[in-house]
Amino acid sequence: AGQAGIRVTVDAQKRKTFIQVGDELLPIRLRDRRQQIEHRLTTNERKRPDPFAPRWDYAPSGGLSLQIDAPTARNAHRCWSLGGSRRLPDQIAKCLRSLPKIAEAKKAAAIEEEQRNREWAERRRQEAEEERRRSQEQQHREALVREANGWRQGHIIRAYVQSVLG
């Protein structure tokens, strides 16, 4: 896998495993589906019944699957399971063939999201600019009304003074 530009890395702090394809990190996990079966009483539980004994036991089902957690890679196959006629070497080969497509899909989705975020930020900037412009216009209107009211008051006072003195 290392020759094809694919590496496996583990982030111990996050407790995650990744497959790196080029510069894309794809989180992966192995899952073993378990069967729920009725709890079988142990020897001790038969001797001394325990009201808190579990109702169910869980056993491996043999349904092992490898999942790539790349929900943004919508059109890419991201889960390979074992069981029945599906054998491990075949499933690993299918997985390895799909990795570049998944990595590309994830990268394309990241680019699309980045573009959406830029467009959203631009819309927010334009809306803020429009709001600032509306606010300035409102302030100008209010200032004009104050000036007109002052002018009218001054005109009334001059007319009054002229009529009293006149």
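Count residues from 1 along the sequence.
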Item to complete: Drop me the distance from K16's NZ to I28's CD1, to the nearest 0.5 angstrom.
Response: 11.5 Å
Discussion item. Does E38, at its CD atom, have more than 12 non-hydrogen atoms belonging to other residues, nucleotides or ligands within less than 6.0 Å?
Written reply: no
Discussion item. Are T9 and L25 packed together at the side-chain level, in the sense that at least one heavy-atom pair is separated by less than 4.5 angstrom?
Written reply: yes
Response to the item:
Rounded to the nearest 0.5 Å, the CG atom of L26 sits from the CD atom of Q20 at a distance of 9.0 Å
Discussion item. Counting only heavy atoms not in R124 (residues, nucleotides, ligands), do more than 12 fall under 6.0 Å from its CZ?
Written reply: no
Worksheet item: Got a salt bridge between K101 and E104, using NZ or NE/NH1/NH2 to carboxylate O under 4.0 Å?
Response: no
Discussion item. Are more than 12 heavy atoms, taken from residues, nucleotides or ligands other than E129, located less than 6.0 Å from that residue's CD atom?
Written reply: yes
Worksheet entry | E137 bridged to R133 by N-O distance under 4.0 Å | yes
Worksheet item: Does the distance from a Lys or Arg side-chain N to an Asp or Glu carboxylate O, for E119 and R116, drop under 4.0 Å?
Response: no
Worksheet item: Out of curiosity, L99 CG to K106 NZ, how far, rounded to the nearest 0.5 Å?
Response: 12.0 Å
Worksheet item: Does E147 reach the side chain of W151, with side-chain heavy atoms less than 4.5 Å apart?
Response: no
Fill in: ring pair (Phe, Tyr, Trp, His ring centres under 6.0 Å) pairs, two or more places apart, involving residues 5-61
none
Practice prompt. Hey, could you give me the OG1/NZ distance between T43 and K47, rounded to the nearest 0.5 Å?
Written response: 6.5 Å
Discussion item. Using a strict threshold of under 4.0 Å (side-chain N to carboxylate O), is an ion pair present between R118 and E114?
Written reply: yes
Discussion item. If you compare all heavy atoms of R40 against all heavy atoms of E45, which two are closest, and at what distance to 0.1 Å?
Written reply: O-OE1, 3.9 Å
Worksheet item: More than 12 heavy atoms of other residues, nucleotides or ligands under 6.0 Å from CD of Q126: is that the case?
Response: yes
Discussion item. If you apply the rule side-chain contact (heavy atoms from CB on, under 4.5 Å), what do you find for D23 with K107, and how did you get there?
Written reply: CA-CA 9 Å; D23 57 350; K107 184 183 276 188; 3.2 Å; yes
Fill in: Contacts of R123 that satisfy side-chain hydrogen bond (donor to acceptor under 3.5 Å, both in side chains) - sequence neighbours left out
none
Worksheet item: Got a second to check how far I19's CD1 is from L96's CG, nearest 0.5 Å?
Response: 7.0 Å
Discussion item. Under 4.5 Å between side-chain heavy atoms, counting indirect links through other Ile/Leu/Val/Met/Phe/Trp/Tyr residues: same cluster for V21 and L30 or not?
Written reply: yes
Worksheet item: Can R134 and E131 be counted as an ion pair, charged N to O under 4.0 angstrom?
Response: yes
Worksheet item: Got I156 and R152 here, is their nearest side-chain heavy-atom distance under 4.5 Å?
Response: yes
